[in-house]
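Inspection log for the structure reproduced underneath, given as structure tokens.
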Protein chains: 4
Amino acid sequence: MDKRKKIISAAIAIFSKKGIEKTTISDIVDQAGIGQGTFYLYFSSKMALMPAIAEVLVEKMHGDLVKQIKPATLAEQMDEIIKVMFAFTKTYKDLNKLMYSGLTQTEHIKDWETIYAPVYQWMEELLASHQQAGSLREDLNVRYIAKILIGMIEAAAEQNYLFYDQDPALIAEYRNELKKFVNYAMAANS
Amino acid sequence: MDKRKKIISAAIAIFSKKGIEKTTISDIVDQAGIGQGTFYLYFSSKMALMPAIAEVLVEKMHGDLVKQIKPATLAEQMDEIIKVMFAFTKTYKDLNKLMYSGLTQTEHIKDWETIYAPVYQWMEELLASHQQAGSLREDLNVRYIAKILIGMIEAAAEQNYLFYDQDPALIAEYRNELKKFVNYAMAANS
Amino acid sequence: MDKRKKIISAAIAIFSKKGIEKTTISDIVDQAGIGQGTFYLYFSSKMALMPAIAEVLVEKMHGDLVKQIKPATLAEQMDEIIKVMFAFTKTYKDLNKLMYSGLTQTEHIKDWETIYAPVYQWMEELLASHQQAGSLREDLNVRYIAKILIGMIEAAAEQNYLFYDQDPALIAEYRNELKKFVNYAMAANS
Amino acid sequence: MDKRKKIISAAIAIFSKKGIEKTTISDIVDQAGIGQGTFYLYFSSKMALMPAIAEVLVEKMHGDLVKQIKPATLAEQMDEIIKVMFAFTKTYKDLNKLMYSGLTQTEHIKDWETIYAPVYQWMEELLASHQQAGSLREDLNVRYIAKILIGMIEAAAEQNYLFYDQDPALIAEYRNELKKFVNYAMAANS
DNA sequence: GATGAATGAGCGTTCATTCAT
DNA sequence: GATGAATGAACGCTCATTCAT
């Protein structure tokens with residue numbers, strides 16, 4: 001693994017454990033097993049790591065979605081998407097927090113949309129195919145709906161996993177309502 | 001104004017301008033016009049301010065909602081809610097960022113739900129009245145829908161205002177899709 | 001109990017527990033149950049407490065000696081004196097440390113001899129009586145021997161109790177040697 | 001001279017001049033001619049210097065003893081030992097104070113015995129040789145007597161030099177009594 | 001390229017001291 | 001006399017950054 005990758009992995013590990021603010025460059029280089037100065041050959045500051053980390057994460061989520069979402073009805077696919085994104089949020093909850101914190105606290109915010117683009121793109125295409133198949137309301141603009149859906153599912157997942165340890169039974173109820181809501185909103189025949 | 005209030009106001013002002021990480025306690029006490037040590041009589045650290053700030057902000061949003069949302073049809077009210085929340089996000093975009101960063105980076109995450117409770121409560125009651133009036137789908141659980149709605153609208157607003165300066169025309173389009181989406185999801189007769 | 005006494009007692013308690021340097025005036029006034037400012041009505045600083053504390057301690061040791069040392073042979077009395085001083089050092093080991101630290105770090109060092117005077121005086125008289133009785137070597141100057149004895153017994157006790165928790169069996173051996181040593185040094189017929 | 005040594009020397013110099021409590025890390029690094037942060041690469045705090053300083057001092061005293069004490073009768077050697085230790089206490093009286101204050105105020109007390117070990121060892125061997133030669137009472141345990149002697153001579157020296165400026169004539173008298181006392185205690189034929 | 005000892009500006013934090021009540 | 005909220009100077013300490021090796 002090259003040094004750059006080592007730094008990113010190390011940073012993800014430490015940020016997850018200690019939070020961004022309490023993590024020092026020293027922590028990162030120790031974890032990465034490289035010298036102090038070496039860090040600066042690859043990144044100009046702690047915050048400059050954020051886009052790289054965000055990219056890794058979003059690629060991971062994109063990969064999960066692509067892998068898990070099989071051809072099926074719109075409702076079934078939305079069900080599965082919600083499942084994948086909830087699972088992802090749960091697994092990487094600490095990193096989700098720091099993606100928000102990290103990206104928002106710097107000028108790297110601009111990179112956000114670029115990083116997210118593949119996921120939006122993927123969702124847009126999925127919705128477009130359903131619209132062509134007549135299973136998604138005709139008058140919805142899939143470009144915007146893709147972003148709305150991703151935003152709302154993430155928000156829902158965060159409400160359940162980020163802020164405190166919700167009772168799994170209540171999460172199931174929540175998810176069920178979310179699915180109904182989404183299905184009513186989109187299904188051509190609802 | 002008591003010292004505690006002064007500190008919170010000062011912190012909101014400086015955090016908005018410089019970001020959390022770059023803000024020093026010194027900045028805050030200077031702005032507040034109090035002594036260095038006085039800060040520590042009220043807050044144990046910079047991050048301990050976050051819940052207090054979040055509370056102020058959420059109260060503000062709650063106030064805006066209560067003030068702006070007049071009796072009307074569900075669709076009209078949702079339209080207005082989206083308008084208010086988009087406006088709020090736009091106005092306080094820096095503070096929104098820091099609420100995320102600030103609360104998520106500390107143990108104060110737990111306070112989040114408590115702070116948000118009044119807004120959820122207000123939305124839930126609004127939805128319940130529509131359900132009684134027959135204008136909201138019978139089978140939706142208003143408790144969860146309230147949280148889903150607030151989460152999704154905030155996410156949508158953040159996508160438009162937080163990450164970069166979106167073209168207002170595109171924002172209008174986005175909002176329009178959002179309204180359609182929400183209306184389809186909820187309106188009894190859609 | 002008047003405020004001054006309260007302060008001294010509180011200071012002894014806290015100094016023993018936390019050490020001088022880590023003790024704050026705040027700690028002392030809290031323990032004493034008085035106001036911040038009140039401290040300054042009685043003492044000008046933390047270190048100004050030291051002579052008062054030393055006085056309390058030395059009076060205590062003097063009292064123990066006077067109470068415990070009964071008429072007896074010189075050897076028996078020395079045995080008892082060693083016992084009392086070892087016990088005293090053990091019980092008040094933290095305070096002994098701080099008497100050294102406290103007094104030596106200030107201009108109050110000068111007070112030391114004055115504070116100790118009664119103990120030296122008492123020992124001198126004890127030795128003088130033995131000299132008159134012929135049980136203490138004629139040619140020893142009791143004025144100096146009194147100070148030497150007190151110094152050496154304290155030093156011995158400190159070696160055993162102050163620096164680490166010595167095995168009681170070894171302490172007993174040590175004390176036995178000390179008694180022999182002292183007896184050889186002083187007893188007219190050794 | 002390496003940085004660690006520089007720090008110790010600087011600390012000894014400043015502590016002697018200003019006392020421990022009034023000395024700041026800043027003072028030390030200025031005197032040592034190193035950067036603020038460098039201090040912390042070698043010592044974790046001001047108090048963590050104490051064992052290192054004590055070691056330097058005790059080594060110095062040990063060196064003085066080894067150098068000055070020539071083969072001679074027990075009485076002559078004890079005379080010389082007292083002379084050396086009094087001189088040492090006089091020269092380094094400020095440092096003696098701070099060794100007490102410094103070591104006793106921290107967890108480093110435990111190190112004390114280790115630091116003193118070489119001196120105790122040296123004294124023990126000296127006494128043992130006299131015992132073999134028949135010039136020291138047979139029944140004294142040299143291991144304990146070594147510690148007793150060093151403790152008592154130091155205590156005596158401190159009584160004369162540490163607490164106030166004693167009249168030299170009186171010090172001479174004191175020392176004379178001390179020699180007599182020690183000689184009576186130990187000499188085989190007294 | 002890689003290192004890590006050294007740096008020192010700058011931060012959070014403490015706490016003795018004051019003074020209006 | 002007694003108080004304790006408020007102060008702010010001053011300290012310990014951190015840690016991003018550099019640079020000689």
Test of understanding: with salt bridge (Lys or Arg N to Asp or Glu O under 4.0 Å), list the residues that count as partners of [X], not counting sequence neighbours.
| X | result |
| --- | --- |
| B/K18 | B/D27 |
| C/K60 | C/D64 |
| C/K46 | D/E21 |

Without decimals, in angstroms, what is the distance between [X] [atom1] and [N] [atom2]?
| X | N | atom1 | atom2 | value |
| --- | --- | --- | --- | --- |
| A/I28 | F/dA16 | CD1 | P | 8 Å |
| B/I20 | E/dG12 | CD1 | C1' | 16 Å |
| B/K18 | E/dG10 | NZ | C1' | 12 Å |
| C/F43 | E/dT18 | CZ | P | 17 Å |
| A/K22 | E/dC11 | NZ | P | 18 Å |
| B/E21 | E/dC11 | CD | C1' | 13 Å |
| A/M47 | F/dA16 | CE | C1' | 13 Å |

Just the dot-bracket of DNA chain E, please: which string comes out with Watson-Crick or G-U pairs under 3.5 Å, [ ] for crossing, | for another strand?
.||||||||||||||||||||

Can you pull the salt bridge (charged side-chain N to carboxylate O under 4.0 Å, His left out) pairs that have at least one residue in residues 50-59 of chain D, sequence neighbours excluded?
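Qualifying pairs: none.
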
Got a sec, which residues hit side-chain contact (heavy atoms from CB on, under 4.5 Å) with [X], two or more places apart in sequence or on another chain?
| X | value |
| --- | --- |
| D/K17 | none |
| D/S26 | D/T24, D/Q36 |
| A/E154 | A/M61, A/M85, A/Y100, A/Y116, A/I150, A/E158 |

I'd like a list of close polar pairs between nucleotides 12-14 of chain F and the protein, N/O only, cut-off under 3.5 Å.
from   : atom 1 : to    : atom 2 : distance (Å)
F/dG12 : OP2    : D/I25 : N      : 3.0
F/dC13 : OP2    : D/Y40 : OH     : 3.3
F/dC13 : N4     : D/Q36 : OE1    : 3.2

Please check: side-chain N/O of C/T23 versus main-chain N/O of C/G19, any donor-acceptor pairing under 3.5 Å?
yes

Donor-acceptor pairs are to be reported for all side-chain atoms of residues 3-13 of chain B against protein atoms at under 3.5 Å, with residues two or more places apart or in another chain.
from : atom 1 : to   : atom 2 : distance (Å)
B/S9 : OG     : B/K5 : O      : 3.1

Take C/G35 and B/G33, find for each the nucleotide of DNA chain F with the closest heavy atom, and name the residue whose nucleotide sits nearer the 5' end.
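Whichever sits nearer the 5' end wins; that is C/G35.
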
For DNA chain E, which residues of residues 2-11 of chain D approach it to below 4.0 angstrom with any heavy atom?
D/K3

Which residues pass the ring pair (Phe, Tyr, Trp, His ring centres under 6.0 Å) test with D/F88, sequence neighbours left out?
D/Y92

Are B/Y42 and F/dA5 close enough that a side-chain N or O sits under 4.0 Å from OP1 or OP2?
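Answer no for this pair, as no side-chain N or O of B/Y42 is under 4.0 Å from OP1 or OP2.
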
So how far is it from A/I53 CD1 to A/I115 CD1, rounded to the nearest 0.5 Å?
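The CD1 atom of A/I115 is 10.5 Å from CD1 of A/I53, to the nearest 0.5 Å.
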
